[in-house]
Amino acid sequence: MLAEHNSPLSIIKTNVLKSLECSFGADSKQVETILKKSIFNTPDELINGHWSSNIAMVSAGVLKRSPHDVAKELIKAFADSPSFERIEIAGPGFINFYLTENSLLRQIEHHDEYLKEAINDIESRTILIEFVSANPTGPLHVGHGRGAAFGDALKRLLSFVGHDVTTEYYVNDAGRQMDIVTASILLRAAEVSDIDFPHAGYQGEYIKTIASSIIIESGTRNKIEESIKNLPEDKDEAIDKICIELKKHSDIWQQTKSVGLEKILGLIKSDLSEFNVIFDEWFFESSLGSIDEDDSKLRQALDLSINEAGYEKDGAYWLRSTNHGDDKDRVLIRKDGRVTYLASDVAYHKEKLDRGFDQLINIWGADHHGYIKRIEAAIESVGHSKSSLMVLLVQFANLFEDGQKLKMSTRSGTFYDLGKLVELVGADVARFYYLSKQADQHLDFDVSLAKSESKENLYFYIQYAHARIASLEKKYEEANGSLPSKTDSGNCPDALVAIIQVLMNFPVNILNSVERYQPHLLIYYLRDLSQAIHQFYNEINVMKAASNDASNYMFVLLKAKNIIKQTLNLLGIEAKNKM
RNA sequence: GCGCCUGUAGCUCAGCUGGAUAGAGCACCUGGCUUCGAACCAGGUGGUCGGGAGUUCGAAUCUCUCCAGGCGCGCCA
């Protein structure tokens with residue numbers, strides 16, 4: 001009997017397929033149906049085998065045979081295979097494969113190709129992920145952190161499986177908010193008193209800092225002060241009136257606006273950089289141009305959109321978004337001639353798709369979910385398919401400290417900035433907890449837990465597993481001169497098998513995490529892997545084992561260490577060699 | 001009222017494209033360090049998977065309904 005060199009999983013799949021065709025005469029369509037529904041996995045309990053499949057139960061339905069009959073026939077194909085210690089039929093028709101110790105170890109040598117095989121089936125696409133995109137009105141707050149961590153992790157995951165991914169930040173530099181920021185800076189530059197400073201203006205200290213770089217002549221200062229006299233009661237109307245007045249001094253207005261934008265984007269970029277998030281592209285809303293310019297992207301997109309799916313009513317121009325399930329139609333151009341936020345988005349999404357991406361992913365706060373229908377309508381109205389857009393929602397994160405929910409209002413300033421959180425717990429820990437729960441569900445972020453070095457801190461549990469192996473690796477190399485590069489025959493105790501089982505689950509977990517856009521699954525994978533490592537470590541002393549065993553143990557542990565590192569990197573987190 | 005999300009152990013949560021006895025951590029009880037890192041491990045207590053009905057060989061997972069909570073429903077962004 002010849003030794004087998006392929007990985008056990010590929011042997012299993014090959015034999016089962018051959019048997020389905022030869023013994024049951026399954027045609028290619030039937031085989032395809034069966035394969036689509038059947039699963040080959042590593043069971044949670046070793047008692048159910050090292051590999052297990054439901055394929056007999058799935059085939060039973062397709063072939064009109066009983067699951068047990070199918071299973072019995074299928075396992076005949078393995079009679080000559082030396083890789084298996086035994087194969088059993090269990091429960092309602094599971095086939096459980098038990099590997100020999102040698103083939104168990106051999107799997108780890110095949111680990112990389114197993115992963116490659118899994119990834120190979122994915123069709124590569126060009127993807128644009130747009131996220132954060134916070135208004136450039138101040139530093140990022142903790143709410144933005146979750147979107148940033150999520151978007152960046154998705155980029156890494158999608159790239160890892162072979163997609164061509166670009167990340168982009170959409171800068172709303174053309175709207176009312178930017179005007180208010182500009183006005184706020186100008187008023188601070190003119191040293192308007194706190195009492196007179198408008199309530200709807202931006203209050204933060206950073207506004208004063210930026211204002212200090214703006215030089216204003218005394219004549220201009222008087223004019224600025226004029227702008228805050230005789231204002232309407234309503235604070236929103238008041239700020240709008242101030243903006244209108246200030247815009248009359250177009251030189252200083254434009255200068256202030258451009259300095260303000262540059263400085264605030266600087267703050268945002270620095271927050272992101274501290275958080276290890278780097279965007280490929282920064283897209284400025286202003287680059288879409290104005291509705292008044294015939295050849296602007298905004299104008300062209302709106303002309304097309306309104307022509308295809310719009311109409312005029314009450315002096316305004318509307319998009320017929322109800323055709324795509326929206327509650328009501330939406331205004332694109334107001335009756336006063338100004339465009340709405342949606343209008344910019346029509347042009348922006350057209351622009352993104354015109355750049356040729358196969359898929360757009362937008363990451364939005366969950367409070368924007370009502371916006372999805374109209375943006376889909378918008379995309380269809382400019383000649384693209386709404387299926388090219390995928391909107392992923394991120395729920396708000398509540399911050400807790402010592403069991404108390406932290407208020408996150410701008411005014412209170414107690415705990416608000418992302419930068420402050422990163423400073424407090426570190427970028428890696430912050431990212432870890434942001435990603436620890438499904439993005440579209442509420443997250444309670446416990447700052448004291450993240451800071452603590454206690455055993456309830458999952459972050460440390462995982463890092464500790466990595467650091468322990470790193471430390472062992474050093475000792476092993478010192479004692480033996482080199483690290484093992486392959487496996488040898490030897491013992492394969494249960495504690496080691498447990499690690500191997502989790503490692504063999506890696507490709508499935510990666511694919512699952514990518515297909516569902518859920519990086520958090522990887523955190524729980526890492527927990528399971530770390531647990532197996534800690535258990536092994538407590539049970540078996542590698543340095544005292546017989547040399548062939550020690551070499552095998554080290555080989556498996558190094559693979560585990562590598563997988564932890566690789567997986568943490570996919571989440572944007574660095575693995576530690578020392579705690 | 002309509003739409004989206006959520007309800008799993010005392011607490012924080014995994015698991016949800018149907019699969020074997022529902023899993024972790026914390027808390028509580030018991031045990032394990034003179035040698036590879038005890039930020040660790042082993043064992044124990046603890047669950048009608050919000051309630052009910054349906055689909056089928058099989059449901060925490062799919063469907064319906066009810067209950068409870070969160071969010072969203074602007075010519076704001």
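Reminder, nothing fancy here: chain letters follow the sequence lines and each chain counts from 1.
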Is A/N96 side chain donor-acceptor paired with the B/rA20 base, going by distance under 3.5 Å alone? yes
With a 3.5 Å limit on both atom pairs, tell me what B/rC76 is paired to, counting Watson-Crick and G-U wobble, or say none. none
For a quick check, tell me whether the side chain of A/H368 and the base of B/rG72 share a donor-acceptor pair closer than 3.5 Å. no
Pairwise 5' ranking along RNA chain B for A/I47 and A/R468, keeping only the more 5' one: A/I47
Categorize A/A479 for me: base, sugar-phosphate, or nothing, with a 4.0 angstrom heavy-atom threshold over every strand shown. nothing
When all nucleic acid strands are considered with a 4.0 Å heavy-atom cut-off, which category describes A/F396: base, sugar-phosphate, or nothing? nothing
Which whole number of Å gives the distance between the P atom of B/rU12 and that of B/rC73? 28 Å
So what does A/D367 touch, heavy atoms closer than 4.0 Å: a base, only the sugar-phosphate, or nothing? sugar-phosphate
Taking atom P in both B/rG15 and B/rC64, compute the distance separating them and give it to the nearest angstrom. 22 Å
Just to be sure I understand the rule, does A/A467 reach a base, reach only the sugar-phosphate, or reach nothing, if contact means heavy atoms closer than 4.0 Å? base
For A/I95 and B/rA20, what is the distance between atoms CD1 and P respectively, to the nearest whole Å? 17 Å
For the pair made of NZ in A/K328 and P in B/rC76, what is the distance, rounded to whole Å? 10 Å
Just call it for A/K475: base, sugar-phosphate, or nothing, with non-hydrogen atoms closer than 4.0 Å on any strand. sugar-phosphate
Round to the nearest Å and state the distance from A/Q535 atom CD to B/rA24 atom C1'. 11 Å
Rounded to the Å, how far apart are A/L557 CG and B/rC40 P? 18 Å
Could you tell me whether the side chain of A/Y517 reaches within less than 4.5 Å of the side chain of A/M390, counting heavy atoms only? yes
Closest to the A/M579 side chain, choosing from B/rA20, B/rA39, B/rC36: B/rA39
For RNA chain B, which residues of residues 310-319 of chain A approach it to below 4.0 angstrom with any heavy atom? A/D314, A/A316, A/W318
Determine: side-chain N/O of A/R334 to OP1/OP2 of B/rC76, distance under 4.0 Å, yes or no. yes
Look at A/T340 and B/rC75 and indicate whether a side-chain polar atom (N or O) is within less than 4.0 Å of OP1 or OP2. no
Nearest whole angstrom, please: distance from the C1' of B/rA20 to the CZ of A/F94. 5 Å
Starting at CD1 of A/I462 and ending at P of B/rA24, how long is that distance when rounded to a whole Å? 16 Å
Inter-nucleotide C1' distance (B/rU45, B/rC62), Å rounded: 35 Å
Is the count of non-hydrogen atoms from other residues, nucleotides or ligands lying under 6.0 Å from A/R176 atom CZ greater than 12? yes
Evaluate the criterion side chain to side chain contact (heavy atoms under 4.5 Å, CB included) for residue pair A/R330 and A/R320; output intermediate values, then yes/no. CA-CA 7 Å; A/R330 307 289 168 175; A/R320 207 182 300 280; over 6 Å; no
Under a 4.0 Å heavy-atom criterion, the protein footprint on nucleotides 9-17 of chain B, written with B, S and -, is ----SSSSB
Taking atom NZ of A/K565 as the centre, does the number of heavy atoms from other residues, nucleotides or ligands within less than 6.0 Å exceed 12? no
Using a 4.0 Å heavy-atom cut-off across all strands, classify A/N541 as base, sugar-phosphate, or nothing. base
Base, sugar-phosphate alone, or nothing: which one does A/D179 contact when heavy atoms must sit under 4.0 Å apart? nothing
With the six-membered base ring of B/rC36 as reference, does the ring of A/Y537 sit under 5.5 Å away with planes under 30° apart? yes
Residues A/R86, A/E88: salt bridge by 4.0 Å N-O rule: yes
Could you tell me whether A/Q531 contacts a base, only the sugar-phosphate backbone, or nothing, with contacts defined as non-hydrogen atoms closer than 4.0 Å? sugar-phosphate
P atom, B/rA60 versus B/rA22: distance in rounded Å? 9 Å
Judged by nearest nucleotide, the residue sitting upstream toward the 5' end of RNA chain B, A/I39 or A/D327, is A/I39
Counting N and O atoms only, with roles assigned by atom type, does the side chain of A/S286 sit under 3.5 Å from a partner on the main chain of A/D173, one being a donor and the other an acceptor? no
I want to check one thing: is the phosphate of B/rA39, taken as OP1 and OP2, less than 4.0 Å away from some side-chain N or O of A/Y464? yes
How would you label the contact of A/H369 with the nucleic acid (heavy atoms, under 4.0 Å): base, sugar-phosphate, or nothing? base
Can you see whether A/Y434 has A/R146 sitting over its ring - NZ or CZ less than 6.0 Å from the centre and within 45° of the normal? no
Which whole-number value in Å describes the distance from A/N48 CG to B/rG23 C1'? 15 Å
For the pair A/S38 (side chain) and A/I55 (backbone), establish whether a donor and an acceptor sit closer than 3.5 Å, ignoring hydrogens and angles. no
With a 3.5 Å limit on both atom pairs, tell me what B/rA60 is paired to, counting Watson-Crick and G-U wobble, or say none. none
Who pairs with B/rA14 - Watson-Crick or G-U, where each distance is under 3.5 Å: none
Figure out the CD1/P separation between A/I533 and B/rG37, and round it to whole Å. 15 Å
